[in-house]
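Here is the structure we will look at.
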Amino acid sequence: MKKKMTIWISLLLAVSLTFGCGRGNNQETTDGNNFNIEKTLPERQTDETNASSDKKAGEKETGGTTKLKAPEMRGEVTISSFSENEFLNAVANNFMKKYSDVKIVINEYAKNIAHPSEKDYQTMFNTKLMSGEAEDIIFNSFLPITKYSDMGAFEDLTPYIEGTPEMNTENYYMNVLQSARNKNGKLYIIPYMARMDIMEFNADLVNENPEVKNDLENKGTVGFADAVAFNKKMVDEIKNPSKKDWENVYLSAESEISFATRLIKDDSDKFLDMQGKTSHFNTSEYTDLLEYVKNLKTEGYFAPDDIDYYSTKVYIAGMVDYELQAALFDTCRKGNGTYSYPLADRKNNINLNPNSCLMINSGSEHKELAWEFVKYLLSEESQGLPSMWGLPVNKKSFNKVTERIYKNRKKAFPEAGELKEYQNSLDRWMEQVNSCDVMDQALISLVEEENEKYFNGEQSAEETGKLIQRKMEQYFNE
Amino acid sequence: MLKKQGNLFKEKWNSILMNNRITKKVPYMMLGVSLAGFGFFYLIPFLLAFGYSIIDNPFGKHFCGFDNYIELFQNTYFIRGIKNTGIFMLIGIPANMVLSLFLALFIRRWKKYSEILGLVFLIPLALPSATSAFFWQNFFGRQGTLNKFLALFQIEGIDWLNQSYSMVVIIVIFLWKNIGYNMALYLSGLSNIPEGYYEYAEVEGAGRFWKLKNVTLVYLAPTMFFVLIMSFVNSFKMFREIYLITGDYPSDSLYVLQHFMNNNFLALDYPKLSSAVYLLTLCIIVLIICLFRVERVVSENLHD
């Protein structure tokens, strides 16, 4: 009996070992490349920090042209998306018309589900990924990019970009395209559309405060903590009894929870080191931050939740808005207009929103074909489509798209300035992007969950810090 | 003619049934369907998971021997998960067995209300986990019912689910949920003990405690063994309630092995997950073998 058991166990081990040797996906661009490339590219230098340097990230390497061999335009490319994406559908249809032997299949998770949840999507995606059934291209909404990239789930797109000669600074905002390059020089996600946070300062309040106005006019970007300081100064000045005509003046219309999150992200290095997998939330700096926000709330700096913006004249000193709207308001620096600046962190990084980015599955069997679709998605033809509702990364489509959006939005904001001014602002902001916010959404949720309890009075700031610290340590060290 | 054919058919069918070789195979054929399902959906994936436990990364798939297993024993959270799971089982399972036994004995004595009492204790088993988790979360939470009750006596409330002894709360929930099931098993076991033994003991002047120790517990041994196995199995199911109440990252005292596995699953760290699964399976196999050995010895003594 014992002998039989031994033989069976040995057989079992032997069989299991064969499953350990599968199709590996080597992320290193060595001789075992999965794509065709005529010439091996030199190793890219990794930037020390993500701060903007004299040399913009993404400038094409000089010295010889290398080009990816175009694959046979035949087969199927699958795409995973959490929700319906009109732009993606339009581009896919055009691509299939252009290449009749290629089929693009878009799997929209939320389409047939009554209450789609991000966690369920992630579980479904994980299952597909591990079973080898994941789609070729993934349109990111909230996946933990850093974790997945470290595992090797996504393809490093650096060789693809460098093997595509038309992807250069003349045709594309290469700094935006390569903003998500990590400290190892790898690029796992690229944007098909540029979204960034812009800080809007209420023009009426700024014009009323010459000191703040002067300080702002010298700035190209602004950090959130600095913006709060400016806004508080303006609000305090307005609350002066001599200025009794000003009513309903507030620092922010955000909830204290998202306000606190922005302050954390503004100086994230103080609290979180994603690369080193450490966190520092059980510190006096964090409790001070929480107490500061709570005091702002208590002292009435935050706009009440029940305020009627339609029938009441409200002055919100500072608001974080998206670039297309903020640029329009910025063309009119009076009345309903704003002074708008890209939001930067303490290291002067202008972060791209990762929600409009895509990745290629490292296990895909159609990587070259998937890349052809991605190239088409980023082409002038696609980026200029009417369904493109954000800033295109393709420079050639920039004017067309921004003009369409400007004309559309000017109807609701007739006092907006000239189109040229609008486009200049957006172009200037695009050129400033040098980083991508790849912080795992699960970490933000952990922080906000505990912060909410603090702001609801359920626990103290110290307890909140300790709880977050414990959860972070679990997250990083499990 | 037809009658003759019918009789021939009957004879042939009876001869098939009487054929021992075919008769012996019938149970296996019946079991085969469910065994096939078990094999396809559980056993084969379990065996394949071993492959994940000996590679470094589910995408790179480089063989790394037993490094994952070694690393597990250096992982603070794995050790913590084992420790907390062990504490929960060492306290919760015996408490469950003892309390449900006394409850069964009590109900058996109070024949008048036995049905109602039995129903009351079985209701928690029928409640969905989400419902009971929601209730207990609101009961033990910082702003929960328990703290409000304590406030009536000027006692300051605490967050019962974020303390070093929060495992006591989970044990209470485990007992509340599972006591009815074990009670029902004990009631069935008790009803199988012949009344004659108690009458004989009564005649010989035996007291209540003597009867419990030398009649009830002795003849209830096989049932107790079964209750132990079922309690052991049900203890793993408590993860559902813990997860629903405390989420992915509970307090240190509530962090059980399933949290470790669940979080590694979400993080795609299948090598770590598979290694933990195999280690846990090994522990369970060893424990079950020991239990069966003990049960065999006890049963032999019983027959003697």
Side-chain angles (χ1 to χ4, degrees), chain A residues 9 11-28 119 122-123 125-127 129-132 134 143-144 146-155 361-363 440 442-443 445-446 449-450 453 456-459 463 466-468 470-478, chain B residues 43-66 68 72 74-78 80-81 141-144 147 157-159 161-162 246-253 255 259-274 276 278:
Chain A
I9 288 169
L11 274 171
L12 216 65
L13 274 170
V15 165
S16 304
L17 277 169
T18 61
F19 289 100
C21 315
R23 52 185 181 94
N25 285 306
N26 198 337
Q27 291 302 304
E28 301 295 330
K119 198 155 188 179
Q122 190 180 339
T123 307
F125 179 73
N126 282 358
T127 309
L129 200 61
M130 298 314 295
S131 60
L143 293 173
T146 314
K147 258 195 176 167
Y148 281 45
S149 308
D150 288 346
M151 280 272 176
F154 302 140
E155 185 77 355
N361 176 6
S362 66
D440 190 349
L443 292 175
S445 302
L446 280 178
E449 197 182 311
E450 294 305 326
K453 289 180 193 170
N456 287 342
E458 291 173 32
Q459 59 198 27
E463 279 174 331
K466 277 186 192 151
L467 284 167
I468 295 173
R470 177 179 55 70
K471 289 185 176 186
M472 289 284 175
E473 282 171 2
Q474 280 180 1
Y475 180 88
F476 284 129
N477 300 314
E478 268 179 328
Chain B
L43 191 61
I44 293 173
F46 175 73
L47 295 173
L48 290 176
F50 185 75
Y52 278 117
S53 72
I54 51 173
I55 55 174
D56 64 336
N57 177 300
F59 301 100
K61 292 185 182 172
H62 296 119
F63 177 72
C64 64
F66 291 103
N68 290 321
L72 274 182
Q74 295 163 352
N75 187 309
T76 317
Y77 291 94
F78 178 73
R80 185 173 294 159
R142 191 180 281 277
Q143 309 294 332
N147 282 340
I158 55 169
D159 188 354
L161 298 165
N162 267 308
T246 60
D248 289 322
Y249 302 101
S251 66
D252 288 347
S253 59
Y255 187 90
H259 281 109
F260 179 83
M261 293 180 191
N262 195 58
N263 292 341
N264 277 300
F265 171 75
L266 288 171
L268 296 181
D269 202 338
Y270 280 34
K272 218 184 265 182
L273 166 65
S274 307
Y278 266 80

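Note that these values count all heavy atoms, side chains included, but never hydrogens, waters or copies made by symmetry. Residue numbers begin at 1 in each chain, while the letters A, B, ... track the order of the sequences.
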Looking only at non-hydrogen atoms, find the nearest pair between [X] and [Y] and report the distance.
X        : Y        : answer
A:Ser362 : B:Phe59  : OG-CD2, 4.4 Å
B:Gln143 : A:Gly457 : NE2-O, 4.4 Å
A:Tyr148 : B:Leu266 : OH-O, 4.3 Å
B:Ala267 : A:Met151 : O-CE, 3.7 Å

Would you mind telling me which of B:Asn75, B:Asn264, B:Asp159 has the largest number of heavy-atom pairs within less than 4.5 Å of chain A?
-> B:Asn75
Taking side-chain contact (heavy atoms from CB on, under 4.5 Å) as the test, write out the residues that go with B:Ser274, two or more places apart.
-> B:Ala49, B:Tyr52, B:Ser53
Specify which of A:Lys453, A:Met130, A:Glu458, A:Lys471 makes the most heavy-atom pairs with chain B at under 4.5 Å.
->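 It is A:Met130.
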Does the pair A:Asn477 and B:Thr76 meet the rule for a side-chain contact (heavy atoms from CB on, under 4.5 Å), with working shown?
-> CA-CA 8 Å; A:Asn477 300 314; B:Thr76 317; over 6 Å; no
Which bit of B:Phe78 is near chain A, if near means a heavy-atom gap under 4.5 Å: side chain, backbone, both or neither?
-> neither
Which bit of B:Asp269 is near chain A, if near means a heavy-atom gap under 4.5 Å: side chain, backbone, both or neither?
->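 It is both, since atoms from each part get that close.
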[atom2] on [Y] to [atom1] on [X], rounded to 0.5 Å:
X        : Y        : atom1 : atom2 : value
B:Asn57  : A:Asp150 : CG    : CG    : 9.5 Å
A:Leu129 : B:Tyr270 : CG    : OH    : 8.0 Å
A:Glu478 : B:Leu273 : CD    : CG    : 11.5 Å

Exam field: side chain A:Gln474 to backbone B:Pro250, donor-acceptor pair closer than 3.5 Å | yes
Given a strict heavy-atom distance threshold of 4.5 Å, which part of A:Asn456 is in contact with chain B: side chain, backbone, both, or neither?
-> neither
Tell me, for A:Lys147 versus chain B, whether the close heavy atoms (under 4.5 Å) come from the side chain, the backbone, both or neither.
->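 Answer is side chain: those atoms of A:Lys147 sit under 4.5 Å from chain B.
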Does a side-chain N-to-carboxylate-O contact under 4.0 Å join A:Lys119 and B:Asp248?
-> yes
side-chain hydrogen bond (donor to acceptor under 3.5 Å, both in side chains) between B:Tyr249 and A:Glu449: does it pass, once the steps are laid out?
-> CA-CA 12 Å; B:Tyr249 302 101; A:Glu449 197 182 311; over 6 Å; no
Decide side-chain contact (heavy atoms from CB on, under 4.5 Å) for A:Lys466 and B:Asn162; before the verdict, give the C-alpha distance in whole Å, the side-chain angles of both, and the deciding distance to 0.1 Å.
-> CA-CA 11 Å; A:Lys466 277 186 192 151; B:Asn162 267 308; over 6 Å; no
